Student: 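Sharing a structure here in structure tokens format.
Owing to the predicted nature of the structure, the values given are computational and were not obtained by experimental measurement.
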2 protein chains.
Amino acid sequence: MNLLFSPQRFDDPGAGPLYLQLQRRIAEAIASGRLAPGDSLPAERDMATMTGLSRVTVRKAVQALVLSGQLVQRRGSGTFVAHKVEKLEQALSLLTSFTEDMQRRGRTVESVWLSRAVHSPSPEEVMALGLGADDRAARLARVRRSDGIPLAIERASLSTAFLPDPEVVETSLYGVLEARGLRPTRAVQRISAANLGPRDAELLEVAEGVAGLKIERVSYLPSGQVIEFTRSLYRGDAYDFAVELKLT
Amino acid sequence: MNLLFSPQRFDDPGAGPLYLQLQRRIAEAIASGRLAPGDSLPAERDMATMTGLSRVTVRKAVQALVLSGQLVQRRGSGTFVAHKVEKLEQALSLLTSFTEDMQRRGRTVESVWLSRAVHSPSPEEVMALGLGADDRAARLARVRRSDGIPLAIERASLSTAFLPDPEVVETSLYGVLEARGLRPTRAVQRISAANLGPRDAELLEVAEGVAGLKIERVSYLPSGQVIEFTRSLYRGDAYDFAVELKLT
DNA sequence: AAGTGGTCTAGACCACATG
DNA sequence: ATGTGGTCTAGACCACTTC
């Protein structure tokens with residue numbers, strides 16, 4: 001530990017900014033196992049005096065490692081090497097139920113509703129759902145958790161023609177639709193990456209700016225009509241989507 | 001503009017940290033169109049005096065918006081509202097050629113080799129490629145660009161049994177393999193999100209910490225043998241992968 | 001009560017871009 | 001030459017956790 005934070009080599013010219021040098025040192029210590037998951041780092045002030053850097057510079061190095069998921073900070077408690085999160089693998093080309101998926105893995109499932117209500121549709125919803133001037137949109141938003149860890153935020157929108165009362169949805173939206181005789185047969189998903197904003201980061205219990213996987217799904221009825229439009233945000237560190245390719 | 005950076009309302013109690021208040025203000029100005037793409041913001045020092053905040057605090061607000069892709073900073077030049085990047089949509093369940101893909105869209109394609117060489121395999125490569133003790137790994141790394149914008153970093157690994165001399169690959173790896181009678185028929189991709197590290201961020205010409213889409217692909221020969229293992233890193237702001245779901 | 005991370009300040013120097 | 005963002009410092013107070 002004394003070695004890790006010794007002021008030596010911080011005067012090297014051409015080694016780049018000081019915060020990057022420190023960041024690299026810590027990252028290497030983690031990669032090599034000299035810092036193991038769960039280990040605590042010295043307090044920021046202590047690292048500063050040990051390295052001869054200012055606390056602001058130490059913080060900048062630490063922040064980058066928090067963003068990349070290698071460190072975790074807890075206010076009032078300390079800075080720790082992150083535990084490896086076993087990535088959950090999920091097939092992308094099958095529409096699977098979150099609940100069944102997790103139970104098959106022997107994990108607990110919790111789902112916290114953020115809202116279930118009817119709103120005037122946003123322009124995005126009008127586009128995606130093909131709504132008319134007087135149509136209204138039912139919105140369902142929830143946080144999906146497993147074993148106490150939040151994994152994803154799901155925000156679904158439907159025309160009230162298909163779901164007049166969103167309050168009736170307890171667990172499975174598709175279950176409720178099925179009971180009403182509505183069965184999507186095709187869906188298209190679009191996947192991209194984005195840094196989480198303050199709100200979403202808080203809901204997923206990660207630092208602001210952490211990378212998240214954004215998935216937008218549009219589901220279609222056999223008639224070709226759009227029935228549902230869902231935007232999900234997955235924790236990038238906890239999820240892994242798998243796709244099998246057909247090669248011609 | 002005077003309005004945007006007026007010190008009013010920065011004394012509101014209960015509105016959260018100052019940098020978040022400023023961040024929110026700027027984000028709203030962009031969303032509402034009062035700040036249009038390409039517009040320049042005042043210099044950091046000027047924003048600081050206008051708002052009555054310190055430069056460090058202004059920087060923290062700006063940094064977050066740079067991370068989320070809403071602002072762009074150019075050293076020596078200024079801070080600007082980012083131009084909307086039209087997201088490139090790509091089908092995930094087809095193995096498409098980057099070159100053909102872009103040309104079909106009427107875009108130029110450039111590919112910059114970072115390295116083409118033979119190495120001792122890393123543990124990861126041994127695992128993925130199923131290498132033996134004496135096998136060596138051919139590595140190909142390049143940055144894919146289109147219209148002058150870097151879009152992705154591709155790092156491919158193969159056993160030298162399949163590709164003894166990586167230097168022969170000029171544009172298409174699959175083309176070279178095909179010429180050698182090697183034709184993958186199945187591939188599995190795993191997708192997740194990650195914050196870009198200093199090196200990768202530089203190669204993709206974005207700020208460190210920006211969200212990237214990480215795709216790992218393993219391709220198989222008809223015999224079931226693994227022929228290739230590729231790790232790609234796409235700019236999260238410029239790419240969008242599409243998958244169609246089969247619903248049973 | 002003591003220690004931790006979170007926020008904030010005022011001021012400084014450097015490297016780079018543009019006129 | 002001037003202005004810009006990039007880095008860095010020393011010191012301060014707050015909110016929270018832990019003892």
Student: Check A:D200 with A:R155, please: is the shortest side-chain N to carboxylate O separation under 4.0 Å?
Tutor: yes
Student: Can you tell me how far P of C:dT4 sits from CG of A:D46, to the nearest Å?
Tutor: 6 Å
Student: Give the rounded distance in Å between these two atoms: CG of A:L22 and P of D:dC8.
Tutor: 10 Å
Student: When you check the gap from the basic side-chain N to the acidic O, do A:E124 and A:R231 get nearer than 4.0 Å?
Tutor: yes
Student: Using atom CZ of A:F80 as one end and atom P of C:dG3 as the other, report the distance to the nearest whole Å.
Tutor: 16 Å
Student: Please check the phosphate of C:dC16 (OP1 and OP2 only) for any side-chain N or O of B:S77 closer than 4.0 Å.
Tutor: no
Student: Quick check on B:E110: does its CD atom have over 12 non-hydrogen neighbours (other residues, nucleotides or ligands) under 6.0 Å away?
Tutor: yes
Student: Check this one for me: any side-chain N or O of B:Y19 less than 4.0 Å away from OP1 or OP2 of C:dT7?
Tutor: yes
Student: Can you give me the bend angle of the helix from C:dA1-D:dT18 to C:dT18-D:dA1? Use the axis through the first five pairs and the one through the last five, nearest 10 degrees.
Tutor: 10°
Student: Are any of B:R59's side-chain N or O atoms less than 4.0 Å away from OP1 or OP2 of D:dG6?
Tutor: yes
Student: Verify the contact: side-chain N or O of A:K60 to OP1 or OP2 of D:dT7, cut-off strictly under 4.0 Å; return yes or no.
Tutor: yes
Student: Separation of A:R55 atom CZ from C:dG6 atom P, in whole Å?
Tutor: 8 Å
Student: May I ask you to establish whether A:R74 and A:F80 are in a cation-pi arrangement, using a distance under 6.0 Å from NZ or CZ to the six-membered ring centre and at most 45° from the ring axis?
Tutor: yes
Student: Between B:E228 and B:R217, does any side-chain N to carboxylate O distance fall below 4.0 Å?
Tutor: yes
Student: Nearest of C:dT7, D:dG6, D:dT9 to any side-chain atom of B:E44?
Tutor: D:dG6
Student: Check this one for me: any side-chain N or O of B:T79 less than 4.0 Å away from OP1 or OP2 of D:dG5?
Tutor: yes
Student: With a 4.0 Å cut-off on N to O distance, would you call B:E208 and B:R199 a salt bridge?
Tutor: no
Student: Starting at CG of A:L18 and ending at P of D:dG6, how long is that distance when rounded to a whole Å?
Tutor: 17 Å
Student: Quickly work out the B:E208 CD to D:dG6 P distance and round it to whole Å.
Tutor: 12 Å
Student: Any side-chain N or O of A:Q73 below 4.0 angstrom from OP1/OP2 of C:dT4?
Tutor: no
Student: Determine the contact category for A:R74: base if any of its heavy atoms lies under 4.0 Å from a base atom, sugar-phosphate if only primed atoms, P, OP1 or OP2 are that close, otherwise nothing.
Tutor: sugar-phosphate
Student: Mind calculating the distance between CZ (A:R75) and C1' (C:dG3) to the nearest angstrom?
Tutor: 14 Å
Student: Does D:dT9 have its OP1 or OP2 closer than 4.0 Å to a side-chain nitrogen or oxygen of A:S54?
Tutor: yes
Student: Whole angstroms only, please: what is the CZ-C1' distance between A:R45 and D:dC13?
Tutor: 10 Å
Student: Look at B:R139 together with B:E125 and state whether they make a salt bridge at an N to O cut-off of under 4.0 Å.
Tutor: yes
